[in-house]
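Data block below; observations after.
Since the structure is predicted, the reported quantities are computational estimates derived from the model, not experimental observations. Chain letters run A, B, ... following the sequence lines, proteins first, then strands; residues in each count from 1. Both backbone and side-chain heavy atoms feed into the values below; hydrogens, waters and symmetry mates do not.
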Amino acid sequence: MPQTLVDRIWDAHRVATTPGGADLIAIDRVFLHERTGASALKRMAEMGRSVHDPARVFAVTDHIVDTRPGRTDATLMPGGQAFISETREACRAAGITLFDVDSPDQGIVHVISPELGIVLPGITLVAPDSHTCTQGAFGALAWGIGSSEAEHAMVTGTLRLPRPQTMRVSFDGALSPGVTAKDMALALIARHGAGGGAGFAVEFAGSAVRALDMEARMTLCNMATEFAAMTGIVAPDEAAFAWLAGRRYAPAAFDHPHWATLRSDDAATFDREIAIDASSIAPMVSWGTSPEQAIPVDGAVPQGPARAHDYIGLDAGHAIGGTPVDAAFIGSCTNSRLSDLRKAAALLRGKRIAPSIRKALVVPGSMAVKRAAEAEGLDKVFEAAGFEWRMSGCSLCFYAGGEGFAPGSRVISSTNRNFEGRQGPGIRTHIASPETVAASALAGAIADPRPLLARVAA
Amino acid sequence: MNPVTTITSPAVPLLRDNIDTDTIIPSREMKSTGRAGLADGLFAPWRYTDAASRTRDPSFVLNQRDAIGTRLILAGKNFGCGSSREHAVWALAEFGIEAIIAPSFAPIFKANCIRNGLLPIELPEEVVRSLAWEMVRIDLAAQTVSAGEESWPFEIDPEAKEMLLGGLDAIDVTLNHLKDTFDRWMRVDMTRRPWVYLSPRRTDDGAQR
């Protein structure tokens, strides 16, 4: 019987079918962070329960740690320090490996899990964080859960859940220069809705996906949750195995026959199929307050819900390019990896951001990314251009009540969410690729990166 | 967890699509690692004209007189999208909400509801709209939503229904009924996929303690 990749991994992890009709699925890895993981650990201790296999549970402090140089446990978020200290104590008590504030391995959960080889092809990995789907780039079934489910996964080694439906999203054809995985994700969500993937585990396939490097695949899978999908996944290939080889928690040899089977059969049928011509995609930018409200950077704002227009302060018919921005942010689990920083730095090299930009930040996804970027001198490029160079963390991808942008600012951001208030009260967020953020920071207004890229290449 | 059987409440309409968990409970309102003390921050960006002083916005639907004491919210498509924070469900539950009726829910939010005894019901958009401010009766066992003389059936995952009706703790259910099955499965799996099982007590710099 031909099988999809998702069904194959599902079946390999199905321990039992419960009397209620759900499946009991074995969970190979749990990854916690201080914002939602501390709640799970605290509740677990209160209930007198313990972790089934602590060696396969990891934690990190990434969400509310300070990202300014010389950081300590102190955070700018009111009360934030307790999340960090409680997470540390709870991890110690539970025997869980913690990548702490001062660890050389610290970073955003979905950046460091692959870096350390914690995610592997064909495994199940969960975290109480919606962007866990990022790690589907390696052919793992990886998805976000709540704190209660994290507790269930830690205590029992399993989760109870109904089998998801399967969807294949095929991007075929070649991406145009200046068009990235971020633009592919935004184009999909703009065309099929922010709820378009609900109930589905999505396999990303097609020649344009196979042509993406591993970091770009992570960006694409990262946004599956913005599509309301349970997860996104890409069938692992030599690029995935090579990327993971030699990582700390990965097996020494990647030649096990098991990995060769991790793909959908040619004759497999999906519950839904979507096909997108990759060559039709332009650099995208969001105009409103949902990721589905995204348009080509050279397009005009369409008519949307009145509330979105009111919040973002842009009327229908307005050309999005040329809209002045007050701040720029490069970072987040979507776009904070070395390749993202290289691409943005290439556009910024030897230039200064517009004087009207009041705050511009680069926040590397991990301390390993930070070190690698510094070894190439990227930090100097960003600083010379007028960006602040930070320690790794989630930072201003969201507003936790401490550090923020100036009230009412318009921000061009490489993050994943443009919700009302996501980056602070009244803040207007436009999500885009790091290249588009860099081009916009230079222009002081939302700008198409393609003309700049052409000049850099020439 | 208290069992959920029937709920009768006026239905308060919050009929916007893609209401996200940042709006339901902003990160800055999550002030401790516990599950309590969140109701005050529920929908803070919409409920208050000034969150710091807690000045209420009289135009927001939950601040209206007819909404006081409601147990039921109506919402638009993809309710609960965004961050996986379970605090969104804890805040709603602490506020007194026992059910939400929407055309669709974000998957993590929906799973979080089940774990906390909050009933997520999916009905077609036009039905959801027609229920605004009606006195609605929900019968979970019968899987029906009624208002006046009309009644609509709804679908729910059988496992979720059993959990909600019984007020069951999922961890206890798994440990009590399936732990032996899992232990047997794992013993076989350890020979099948040995690389999955990491050696214990490895520190974060890779050294063995």
Answer key: most heavy-atom pairs under 4.5 Å with chain B among A/Arg49, A/Glu86, A/Glu151 is A/Arg49
Does any donor atom in the side chain of B/Thr174 or A/Arg160 lie under 3.5 Å from an acceptor atom in the other side chain?
-> yes
Winner by heavy-atom pair count (cut-off under 4.5 Å) against chain A, out of B/Lys31, B/Lys161, B/Met30, B/Glu162 | B/Met30
With a 4.5 angstrom heavy-atom cut-off, which part of B/Thr21 approaches chain A: side chain, backbone, both or neither?
-> neither
With distance as the sole test, does B/Ser84 use its side chain to make a donor-acceptor pair with the main-chain N or O of A/Pro128 at under 3.5 Å?
-> yes
Chain B shares the most heavy-atom pairs under 4.5 Å, among A/Arg35, A/Arg422, A/His13, A/Met47, with A/Arg35
For chain A, the option from B/Pro26, B/Ala111, B/Gly34, B/Ala170 that forms the most heavy-atom pairs under 4.5 Å = B/Ala170
Locate the shortest heavy-atom distance separating B/Ser83 from A/Arg417; write the atom from each residue and the value.
-> N-NH1, 3.0 Å
Between B/Arg85 and A/Ser147: side-chain donor-acceptor atoms closer than 3.5 Å = no
Max heavy-atom pair count under 4.5 Å with chain A, selected residue of B/His87, B/Lys110, B/Arg16, B/Arg184 | B/Arg16
Pair B/Thr23-A/Glu420, side-chain donor/acceptor within less than 3.5 Å | no
Chain B contact via A/His131 - which portion, at a heavy-atom distance below 4.5 Å | neither
In terms of heavy-atom pairs under 4.5 Å, which option from A/His258, A/Met230, A/Arg29, A/Met77 contacts chain B the most?
-> A/Arg29
B/Asn116 vs A/Ser148 side-chain heavy atoms within contact, under 4.5 Å | yes
Side-chain donor/acceptor of B/Asn78 to backbone N/O of A/Ala194, under 3.5 Å | yes
B/Tyr197 versus chain A, heavy atoms under 4.5 Å apart: side chain, backbone, both or neither?
-> both
Got a donor-acceptor contact below 3.5 angstrom from the B/Arg192 side chain to the A/Ala12 backbone?
-> yes
Non-hydrogen side-chain atoms of B/Trp195 and A/Tyr249 separated by less than 4.5 Å | no
Do A/Arg307 and B/Trp46 meet the cation-pi criteria used here (NZ or CZ under 6.0 Å from the six-membered ring centre, within 45° of the axis)?
-> yes
Verify whether one side chain among B/Thr33 and A/Arg43 offers a donor that lies under 3.5 Å from an acceptor in the other.
-> no
Between A/Asp28 and B/Arg193, is there a side-chain N and carboxylate O pair less than 4.0 Å apart?
-> yes
Would you mind checking if B/Lys77 and A/Glu292 are paired as a salt bridge, meaning a charged N to carboxylate O distance below 4.0 Å?
-> no
Would you say the side-chain atoms of B/Ser27 pair up with the backbone N or O of A/Ala400, donor to acceptor, closer than 3.5 Å?
-> no
